[in-house]
Amino acid sequence: MLQDETVTEQLAARLALLLPERAVLFLQGPLGAGKTTFSRFLLQALGHSGAVKSPTYTLVEPYMLGARQIYHFDLYRLTDPEELEFIGGRDYFSDQAICLIEWPEQGQGFLPEPDLVVQLSYQAADDEPVRCIEMQGQTELGRSIVQTMSAHD
Ligand SMILES: Nc1ncnc2c1ncn2[C@@H]1O[C@H](COP(=O)(O)OP(=O)(O)OP(=O)(O)O)[C@@H](O)[C@H]1O
């Protein structure tokens, strides 16, 4: 699916409506593909107002939105997945929370199975950047989210 910011915002808003209190989302794609932008739109759709801090240095940024706990991870700077242990990773993942995880490849072996993989890609074509977002459901929850979203495409 081709994406500009408005389409990305709408997609994130639709996804937000379908997320239960506990879900694990992997946000994958190369540098600059739009992972943080997608996270920002999703957090805003879940009720966050104001800036979204990039958790590149802190690894994780927590949000309490209404009754919902959300953890936004950026694991780009993780050199060893075991570092997640030191920041209390297992507690985050066992919580009743929505975990948005950028660069999940860096946490391999330590992260829970994702419900949904959001794959973002970016290509420069004739000066016009072309962005795509694909969603893949990996659990029953993830598959039902993808099915519901595709039904309204
Ligand atoms: N759907 C979109 N439409 C237009 N511009 C976008 C879109 N998504 C992201 N951008 C722009 O692309 C740039 C990179 O986006 P972003 O920081 O979200 O990428 P990222 O994948 O998180 O990068 P990194 O891996 O470096 O953290 C930003 O300038 C952002 O405004």
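Only this structure's heavy atoms are used, side chains among them; waters, hydrogens and symmetry mates stay out.
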Any sub-3.5 Å donor-acceptor pair from [X]'s side-chain atoms to [Y]'s backbone N or O?
X: D95; Y: A97; result: no
X: K35; Y: G29; result: yes
X: R131; Y: S121; result: no
X: D115; Y: L141; result: no

Treat each ILVMFWY residue as a node, draw an edge where side-chain heavy atoms are under 4.5 Å apart, and state whether [X] and [Y] are in one component.
X: I145; Y: L120; answer: yes
X: L17; Y: L46; answer: no
X: Y71; Y: L78; answer: yes
X: V52; Y: M64; answer: no
X: V146; Y: V117; answer: no

Ignoring hydrogens, what is the shortest heavy-atom contact between [X] and [Y]? Give both atom names and the distance.
X: Y63; Y: K53; value: OH-N, 3.6 Å
X: L27; Y: L100; value: CD1-CB, 4.3 Å
X: F26; Y: P112; value: CZ-O, 3.6 Å
X: A45; Y: A13; value: CB-CA, 3.7 Å
X: M149; Y: R14; value: O-NH2, 2.7 Å
X: A12; Y: F41; value: CB-CB, 3.6 Å

Could you tell me if S49 and Q44 have a donor-acceptor pair between their side chains, going purely by distance under 3.5 Å?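 On atom types as modelled, these side chains do not qualify, holding no pair under 3.5 Å.
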
Please check if any side-chain donor atom of E134 sits under 3.5 Å from a side-chain acceptor atom of Q119, or the reverse.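 Per modelled atom types, E134 and Q119 side chains form no pair under 3.5 Å.
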
Within-4.5 Å side-chain heavy-atom neighbours: [X] and [Y]:
X: L19; Y: L42; result: yes
X: L43; Y: H72; result: yes
X: I101; Y: F93; result: yes
X: L75; Y: L84; result: yes
X: Y122; Y: V130; result: no

Could you give me the CA-CA distance, side-chain angles and deciding distance for E102 and Y76, then say whether side-chain contact (heavy atoms from CB on, under 4.5 Å) is met? CA-CA 7 Å; E102 296 186 38; Y76 184 65; over 6 Å; no

What residues, two or more places apart in sequence or in another chain, satisfy salt bridge (charged side-chain N to carboxylate O under 4.0 Å, His left out) together with R22?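 With sequence neighbours excluded, R22 shows a salt bridge (charged side-chain N to carboxylate O under 4.0 Å, His left out) to no residue whatsoever.
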
Partners passing salt bridge (charged side-chain N to carboxylate O under 4.0 Å, His left out) against E83 (at least two apart in sequence or in another chain):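 Residues passing salt bridge (charged side-chain N to carboxylate O under 4.0 Å, His left out) with E83: none at all.
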
Does Q108, at its CD atom, have more than 12 non-hydrogen atoms belonging to other residues, nucleotides or ligands within less than 6.0 Å?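 Result for CD/Q108: open.
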
Please check if the number of heavy atoms outside E82 that lie under 6.0 Å from its CD is greater than 12.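 Not more than 12 within 6.0 Å, no.
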
Should Y92 and F73 be marked as a ring pair (Phe, Tyr, Trp, His ring centres under 6.0 Å) after you check the CA-CA gap, both sets of side-chain angles, and the distance that decides it? CA-CA 10 Å; Y92 291 114; F73 292 84; 5.6 Å; yes

Pairing of E21 and R68 as salt bridge, 4.0 angstrom limit: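 R68 and E21: not salt-bridged.
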
Measuring from atom CG of L25 to atom CD of Q138, what distance do you get when rounded to the nearest 0.5 angstrom?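 The CG atom of L25 sits 11.0 Å away from the CD atom of Q138.
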
